[in-house]
Amino acid sequence: MTAAADLVVTNAEIHTLGDPDETHEAMAVRDGRVVRLGSTYDVEFLAGVDTDTVNADGRVVLPGFIDAHTHLLMTGRSLVHADLSAADDADEAVDLLCDRAAELGDDEWVLGFGYDETTWTDGRRLTRDDLDAVSETAPVVAFREDLHVASVNGVVLDRFGDDLPPADVETEAGDPTGVLVESAVDPIYEAIEPDADEARELLTAAQRHANERGVTAVHDMVRKSKAPEVYRGLDLDGDLSVRVRLNYWADHLDSLVDAGLRTNHGSDMVRVGGIKSYTDGSLGGHTAKLSEPYADAPDETGQWVVSPDEVADLVARADDAGFQVTLHAIGDAAVDAALDAYAATDTPGEMRHRVEHAELSSDDAIDRFADLGVVASMQPNFHKWGFDGGLYDARLGDRRTDANRLPAYLDAGAPLAFGSDCMPLDPLLGVHYAVNAPSDGQSLGVTEALRAYTAGAAYAGFDEDRLGTLEPGKRADFVALDDSPWDRPDRIDDVDVALTAVDGDVVYDGR
């Protein structure tokens, strides 16, 4: 006798997103796994007296989205502190910080996250003068969206002046402007790092936000934080509603080795991912390492945050210890350095080493991704900067359409995974930009874009046997959408998530 299902989904347009993408009307789930797909007639007989039934009312059902590059603590901070992504100009950003300051005690840190001056009329970064207007007695910090730039007030400059590398402190006529880049931002991050209780509050808010956007798994780039401890605590308490792959910073490598951990160790919900490091910085901060000068800074080609020799040494040590490596590389010179480091290992494809962002890869580099089996872990939402008058136009000029050439990776046969980098955390927005990119050479079809956010991201996390498609035997992580992305490809960003489930348990219901 066939055991009854725990959950049956009927009256749906279920896309497996396999190869080929098959569609079904109904799905049955037992013990957290898909056990049957087919017509309502094929599936209904598995329903018992205790079976939950979801009538999808014709909605599109997809595998749950896997965000292959995210920072959930930062997402939580944007939800709790001032969300500067909502600002239309510098004055509005200052107003949002003032509102946040009014909620706090006199000497508490006033924090804002997510500003992007390239979308503002005057196009300038926030400065010390702006933030002194928020408070001259409490520390005030506004983090740029890319997290490689922070603007601070005089209190922060006075408090941390001796700890800030001069080369990464912007000055004007010899005086600090309040704009910090790269390593000068690190002491600020360390000072505001939340303790375990606050981290749990932030991550709980962030995972709720992620579920509301159809996210069922994340590859979280954790730094010196309590996040790994909190994730495991949430898992043990049964309070984790996203699967988490922990990508640890390079300075954790020796500790991880000493603890006997390796990539893919962990539970069903929390697993060890890779070892993360920078190579270069960001295009927004003029610190991404380019082979040719910036269009708006002809004397600059960016900088190495970590030198190629150091990167090569890290990759060799991590690979030898059994760890996947995830290297941040944005400029074409940085992408080449990352691929060189991977090519020196014995099995770059077997370890599924990754380049995070890979925004400005050359044709030769894209071919090397495929030849080496290195994963291109990219953020399609970055296309928002690629249109006329945007950030890429300013920084790269005629090269702007050479950035984020998503179809070139698939055409070459390279593994492609999508994430958001929390700019913002919203897979459907990313899919929208992947489909509606600035040029044809940067655009994917709807199915290809969805696969990069599901099956492609699963592959990047060694999870293709349990996640990424809806097939019998795989985990029942899925999302139901109010509209079909295939029916409205020009407005995928307006498609709403109706329901999200992990292991067949509904973790968000917005119907």
Side-chain angles (χ1 to χ4, degrees), residues 64-75 203 206-207 210 215-232 234-235 240 242-278 314-315 317-329 338 341-342 345 347-358 373-379 415-422 425 452-468 475 477:
F65 296 123
I66 302 169
D67 192 320
H69 185 116
T70 192
H71 306 267
L72 279 197
L73 270 178
M74 288 300 176
T75 296
L203 290 174
Q207 75 165 357
V215 175
T216 57
V218 298
H219 299 178
D220 200 344
M221 307 294 161
V222 298
R223 206 163 183 181
K224 294 178 180 178
S225 75
K226 294 291 186 181
E229 172 189 334
V230 171
Y231 280 132
R232 291 190 173 94
L234 289 168
D235 185 16
L240 198 57
V242 291
R243 302 185 196 277
V244 180
R245 186 171 178 82
L246 295 167
N247 290 277
Y248 291 89
W249 222 254
D251 50 14
H252 292 292
L253 176 57
D254 291 339
S255 297
L256 293 167
V257 171
D258 290 343
L261 295 174
R262 299 292 184 271
T263 288
N264 296 325
H265 283 186
S267 71
D268 191 50
M269 294 297 290
V270 182
R271 294 188 176 181
V272 176
I275 300 298
K276 169 82 184 314
S277 177
Y278 288 125
L314 169 68
V315 169
R317 290 191 298 116
D319 180 86
D320 187 59
F323 284 96
Q324 180 189 47
V325 182
T326 65
L327 290 175
H328 165 118
Y342 291 149
T345 67
T347 54
E350 182 179 320
M351 290 306 299
R352 303 187 193 181
H353 295 317
R354 300 163 42 157
V355 176
E356 307 300 315
H357 313 307
V374 170
V375 177
S377 173
M378 303 182 72
Q379 292 68 49
L416 178 64
F418 280 171
S420 69
D421 205 10
C422 294
L425 195 160
Y453 243 125
T454 51
Y459 178 85
F462 295 87
D463 269 331
E464 70 274 15
D465 290 337
R466 66 178 189 138
L467 307 176
R475 309 305 305 191
D477 296 1

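Please read all numbers here as calculations on a predicted model, not as lab measurements.
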Applying side chain to side chain contact (heavy atoms under 4.5 Å, CB included) to R262 and V272, what does each step give before you reach the verdict? CA-CA 7 Å; R262 299 292 184 271; V272 176; over 6 Å; no
Exercise. side-chain hydrogen bond (donor to acceptor under 3.5 Å, both in side chains) with Y248: which residues, sequence neighbours excluded?
Worked result: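 For Y248 the side-chain hydrogen bond (donor to acceptor under 3.5 Å, both in side chains) partners, ignoring immediate neighbours, are R232.
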Could you list the residues that satisfy side-chain hydrogen bond (donor to acceptor under 3.5 Å, both in side chains) with H357, not counting sequence neighbours?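 With sequence neighbours excluded, H357 shows a side-chain hydrogen bond (donor to acceptor under 3.5 Å, both in side chains) to H328, Q379, given in chain and number order.
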Quick check: closest heavy atoms across [X] and [Y], and the distance to 0.1 Å?
X    : Y    : result
V257 : A321 : CG2-CB, 3.8 Å
V222 : A227 : CG1-CB, 3.8 Å
T263 : G273 : OG1-O, 2.6 Å
H353 : Y342 : CB-CE2, 3.4 Å
A417 : G456 : CB-O, 3.6 Å
V374 : P415 : O-CD, 3.4 Å

H219 vs I66, test: side chain to side chain contact (heavy atoms under 4.5 Å, CB included). Steps then yes/no. CA-CA 8 Å; H219 299 178; I66 302 169; 3.9 Å; yes
With rounding to the nearest 0.5 Å, note down the distance linking [atom1] in [X] to [atom2] in [Y].
X    : Y    : atom1 : atom2 : result
E229 : L234 : CD    : CG    : 10.5 Å
L256 : F323 : CG    : CZ    : 4.5 Å
F65  : T216 : CZ    : OG1   : 9.0 Å
I275 : N247 : CD1   : CG    : 8.5 Å
M269 : L240 : CE    : CG    : 4.5 Å
R352 : F462 : CZ    : CZ    : 5.0 Å

Is there a donor-acceptor pair under 3.5 Å between the side chain of [X] and the backbone N or O of [Y]?
X    : Y    : value
E356 : T326 : no
D220 : L246 : no
S377 : R354 : no

Please tell me if the side chains of [X] and [Y] come closer than 4.5 Å, counting only heavy atoms from C-beta onward.
X    : Y    : value
L72  : D67  : no
R271 : D463 : yes
K276 : H69  : yes

Which pairs with one or both residues in residues 243-258 pass salt bridge (charged side-chain N to carboxylate O under 4.0 Å, His left out), sequence neighbours excluded?
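As it turns out, the salt bridge (charged side-chain N to carboxylate O under 4.0 Å, His left out) pairs with a partner in residues 243-258, which skip direct neighbours, are K224-D251, R243-D268, R243-D477, R243-D503, D254-R317.
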